Structure formats: structure tokens, C-alpha cells
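See structure below.
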Protein chains: 2
Amino acid sequence: MTTGNKLANKVVYQQGLGQHHTIACENCSMNAICQPVEADGQILDLSKNYLSKQIPVSAQNSELPHNHTQIKNSTLFKEQTPLTSIYAVCSGVFKLCVTSKDGYEKVVGLRYPGELIGEDALFLERYNYSAIAIGQSSVCEVSVEQFSSCGKLVPELQQNLIQLLSKQSYVRQTNFQSFIGKKSADSLLAAFLINVTKRNEAYSGSSSQLNLIVSRNDVANFLGLRRETLSRVFAKFQKEELIKIEGKIIHLLKKELLCDLANFHS
Amino acid sequence: MTTGNKLANKVVYQQGLGQHHTIACENCSMNAICQPVEADGQILDLSKNYLSKQIPVSAQNSELPHNHTQIKNSTLFKEQTPLTSIYAVCSGVFKLCVTSKDGYEKVVGLRYPGELIGEDALFLERYNYSAIAIGQSSVCEVSVEQFSSCGKLVPELQQNLIQLLSKQSYVRQTNFQSFIGKKSADSLLAAFLINVTKRNEAYSGSSSQLNLIVSRNDVANFLGLRRETLSRVFAKFQKEELIKIEGKIIHLLKKELLCDLANFHS
DNA sequence: TATTAACCTTGATCTAAATCAAATTTAAAC
DNA sequence: GTTTAAATTTGATTTAGATCAAGGTTAATA
């Protein structure tokens, strides 16, 4: 039986600059399976024991050539490698990329604090994208092997995982619906800003301010626009006072109008 | 304990024209939770008892004005209504739509035989799109209430649902990746044809032939193209002998080239 | 089979975004 | 703090797809 919400994960890494903090467990998607459960009359707190730990992902762990990009952006896992763990973002951002035959790296997703990475690999037991940290970021890790050996014994834990996965299915579908069939640069960016602000609401504590963290290049790549086009749309939105830009921080001044734009088709 | 694969669902509706047949259970996404499981030493076959039944969706059940569109396309459920069941398509096709404030109906997904509809509503317990049958179609229905009352007692059933949901998460992510950031009409259509053919492979028995069933209008709407543009790209693909068109039947003649196009960005 | 209405295709023009080219701002390295 | 490189913005031109307008098909109905 669930014994209520508690801070489940030990913080073994803390970002120093205060620019982004670690998300509270109650706001994390992983929370459903971090809950202590009852097994054979005992309370089993997976997070306390071995399932979750917070690990930093930053400059140090790159075996790649020593250039700027790799120093900043370190890889959590590579596409097509076997699934070992699923992760939840604790701080920072991760970009999810697939590389096509011609070597082009396409951004297929962004994951902000509290969001899951790699749970869609449970099916094929192979990651279907690379996960790359933007700047200094950290994750909570759940070993799939350990979780499933535990889960077989504890129905409650399974129940929680079902919750987690069904929610995830919802999140994915909603994401898909936000972007499929949107062609104009205006509606794409509006949809993107609304989407990401909403996802960060609990973490940032604001429904109208947003720290993108990722570069314009990555946003443009994700949306399928050229960086020049994205830049122009950002400029236009600011001129029309829909948003206010302070570097990577975006203020949504007229959210209603942005929503209208986001829902606008053709 | 799972006792292996068997035809789980009674066929209470059969399409007469032979144009599309009912999918075999072993090829259906729902199959994971239709498996007989062991409970208290007994075999519990949910499909045999009450959980699944095949129901037709066609002209009869429409309470809408008696015009052509509604006669042919009947609604399985409406967006924003409370979740009661999740469905698997048995035959035909369903389009998933959301209606925006201005009344425009946007196609946000297509579901072919063997695919799930509505499982992403488990989270909010409210459907987040309308599901509309294209022509005569049929589904298997699982009552969420009945399933969950059953599932609490049978861990094995939960295990199967986890399988189902994690696979679904994968399918959604893959779908998303196929389309996000694709802008050229060529790459969108190529990605669409590859995607849908792959999804129908088990059902249709062909990896190079495809019965779209849905109208060009719906495809264009889904992809965010104008019907004229879609028509031109179809014509171009045929001229270049990438595909051969026979009404709604599309033959993929040069799949490799289509894949290249689909992965092509910029 | 004729009639009508969806549905789909083709042509001409216009427009939004890509592309090419530079300038400017920002951040990293020395 | 200065230098250098990366990231972002702005401008001019080109192009792919939207739009407007007909013309054909196909399929449903009488």
C-alpha cells in the first residue's frame, strides 16, 4: 500500500550556479514507481534501497574528440544500444536525437526536469534515440533489471508502473497532436512555446515564463525550420509583444493569442 | 500463467465485401491483455468471459443529421467524453480527430487493424480525440472498469498490460519521430507511406502494397498539406515510378528510395 | 443508365519559408 | 581583458507549397 509522497531520491549532485535546480520528486514523472509499497507486510522503498540514484551528466564522461560541442554536451546513452535503465531528468535538459544515414543529427525530442527518458525502449529493449545532456544536467536512474525482478513480487509496484506508462502514452499522444500537420513557422513556434511552458510549469513555478536552455539551433532542428526562419519568427513575436526575449528566457506575454496561433491550421 | 496464443474474440460482425477482413488476434496490439491467465489455480480467459467483444461501427448508430458523411463515418466516441473502454481495431480504419475553437476538424491519427484506440485516455479518464470509423469498421472493446477490477486480483494480467503500454509508448514515439520536423511534402508523404505500410504489414500480408482506405483529403489534413499539393506529390511519385496508384491501393515500387526520401531533412 | 454530388487532379499565380551572404551579438579560451 | 570562435540576427533572392479556379473521375442515388 502506498504510504504517501516523500522525497525519494538522494541528491548526489548539485548544480552550483543556481541557474537550474533539482526537481522535487512529487513533480517527477518517475514518482509513481518511486513510491514505497507494501510487500509481505513490510514497507519496501525502492528509492531508498537501490533503484534510483541521481547521477550527473556533464563534461567529464565524454570519450569523444576534445572539441567544444562534446565537452558541453555529454551522452547519456546512444541510439540502438541495449536498454539498461530508464531515466528521469532531475535538472537541466536532454535532447533526444536520431542520426540518419547521411550523418545528419535530427532532434526528435527535448526532455525537461521531471520527464522520462528511455521508457519507450522497454518494448524493443534497445534505445531508439541518443540522449544528450545540454550543459550540466542530472538524472535519476532506474535499472530495468532490478525493477522487474522486484516488480514480479509486488503487485502494487506493477500498478504504479501501469500508471506511469499510461500517463506517458497520453503525454506522447498530446505532444504528437501539438505538432502533426502544423506547417506555418508561426503556429509551430507558438505550439512549441505553449507546450514547453506547460511541461515546465510545476518545475519552474511559472505558467508564463520559460527557460529554454537549448540553443535556437536545436529548437529549429526539432521544429524542422531553418535557424534564420526561427529567429525571424522570434523577432516578429517580440515585436508584436506576444513574447519578451531575454536570451534563453522567454516570457509569454499574450498566452491566449499564442494558443490561438498554435491551434491555427493551414 | 500465460497458456499461449489463441483466438480470443468472438466475431459478431463480418464485413461482406471481402475488401477488408478481420485481423487475427495474434497480430493485434490488444493481444497482450487477451491472453488467458492463471488466477487461484484456475485459467481465466478474459476474452471468453466478458472483457472483449467485437462490435461493428457503421451507418446505424449515428444520431447525427442524415447526410452522406455521417452515414458513412460513424463516431466510436467523442473527444472530451469520459473514458469507458479502450478499443482495438478489428477491421477497417478509424480516424482520430480534434476540433478546434473555429470548428476546424484536424486529423491527429489513423488507426488500422490491430491498433489501439483510447488507451492514452487512461491517465485523464477522458478521451482526448474523437474516433470516427471510415466506412464499415469494427473494434474489440475492453471495459476499463471490468478490466481493472479483474486486474487487481491477477498480477499476470497487470504484467500483460505493462507490456501493452510500453509497446504503445514505443509506437507513439516512433510515430512522432517519423513526422516531427519534416517539412517538405515529398518527405512527409514518403514517411507516411512507409509508416502505414509497415503498420499494416502483418494484417495485409504485404510489405510493399497498401490499402489506404482513407480519402486523400484526410491524408492531406493529417500531414498538414493541401489536397492539391498531396495530389501533385502522388502524381510525381507515380511518374518517377516510386509508387503505383490504383485508387486507394498504393504499391510501393522503390521502397529504398522512399525510405531515403522519408529520412531526408531540410 | 442517367443524374448528381463527392472526390481528386491539373493549371496559373502568389506568398511564406529556404537559401545564400553578411553582420552582429554572445560566450568561450587564452 | 583580449582574442577567437560559436551562436544568433538581419538582408536579398529564390523556390516550394498555398491559394484560386477549373476540369475530370469516381461513386452513390434515383
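Any value given below was found using the heavy atoms of this structure, including those in side chains, with hydrogens, waters and symmetry copies removed. So you know, we letter chains A, B, ... as the sequences are listed, proteins then strands, and number each from 1. Owing to the predicted nature of the structure, the values given are computational and were not obtained by experimental measurement.
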- Query: Please give, in whole Å, the distance from C:dT26 C1' to A:Ile245 CD1?
  - Reply: 15 Å
- Please examine the side chains of B:Leu116 and B:Arg111, heavy atoms only from C-beta on, and report whether any two atoms are closer than 4.5 Å. no
- Query: Step by step, would you call B:Phe222 with B:Phe179 a ring-ring contact (aromatic ring centres under 6.0 Å, His included)?
  - Reply: CA-CA 11 Å; B:Phe222 177 67; B:Phe179 294 109; 5.7 Å; yes
- Message: Taking the minimum atom-to-atom distance to the side chain of B:Arg232, which one of C:dA12, C:dA21, C:dC8 wins?
- Response: C:dA12
- Sugar-phosphate only, base, or nothing, as touched by B:Leu230 at under 4.0 Å among non-hydrogen atoms: nothing
- Message: I need the CG-P distance between A:Leu188 and C:dA16, as an integer number of Å.
- Response: 15 Å
- Message: Distance check needed: C:dC8 P versus B:Leu225 CG, whole Å only.
- Response: 15 Å
- Flag the pair A:Lys248 / A:Leu210 as yes when at least one side-chain heavy-atom distance between them is below 4.5 Å, and no otherwise. no
- Out of D:dT8, C:dT10, D:dT9, minimum distance to the side chain of A:Asn217 belongs to D:dT8
- Item | Given D:dT10, C:dT10, D:dT9, the nucleotide with the shortest approach to the side chain of B:Ala235 | C:dT10
- Query: Of all the choices, C:dA17, D:dT8, C:dC8, which nucleotide is nearest to the side chain of A:Ser184 once you look at every atom?
  - Reply: C:dA17
- Query: Quick one: is A:Thr229 getting a side-chain N or O under 4.0 Å of the C:dA17 phosphate, OP1 or OP2?
  - Reply: no
- Task: Would you mind reading off the distance between B:Leu223 atom CG and D:dA18 atom C1', rounded to a whole angstrom?
- Result: 15 Å
- Ranking C:dC8, C:dA21, D:dG17 by distance to the side chain of A:Glu228, first place goes to C:dA21
- Task: Please examine the side chains of A:Val171 and A:Phe176, heavy atoms only from C-beta on, and report whether any two atoms are closer than 4.5 Å.
- Result: no
- Looking across every strand, which nucleic acid part, if any, lies under 4.0 Å from A:Ser215 by heavy atom: base, sugar-phosphate, or nothing? sugar-phosphate
- Message: Expressed as a whole number of angstroms, how long is the span from A:Phe234:CZ to C:dT25:P?
- Response: 19 Å
- Message: Applying a 4.0 Å non-hydrogen cut-off, can you work out what A:Lys236 is touching in the nucleic acid: base, sugar-phosphate, or nothing?
- Response: nothing
- Please state how far atom CD in A:Glu246 lies from atom P in C:dT26, giving the value in whole angstrom units. 12 Å
- Message: What is the distance, to the nearest angstrom, from the CD1 atom on B:Ile213 to the P atom on C:dC7?
- Response: 16 Å
- Task: Among D:dA18, D:dT8, C:dT9, find the nucleotide with the atom closest to the side chain of A:Lys248.
- Result: D:dT8
- Nearest atoms (heavy-atom pairs only) where A:Ser138 meets A:Ser91: OG-OG, 2.8 Å
- Task: Nearest whole angstrom, please: distance from the P of D:dT8 to the CG of A:Leu212.
- Result: 10 Å
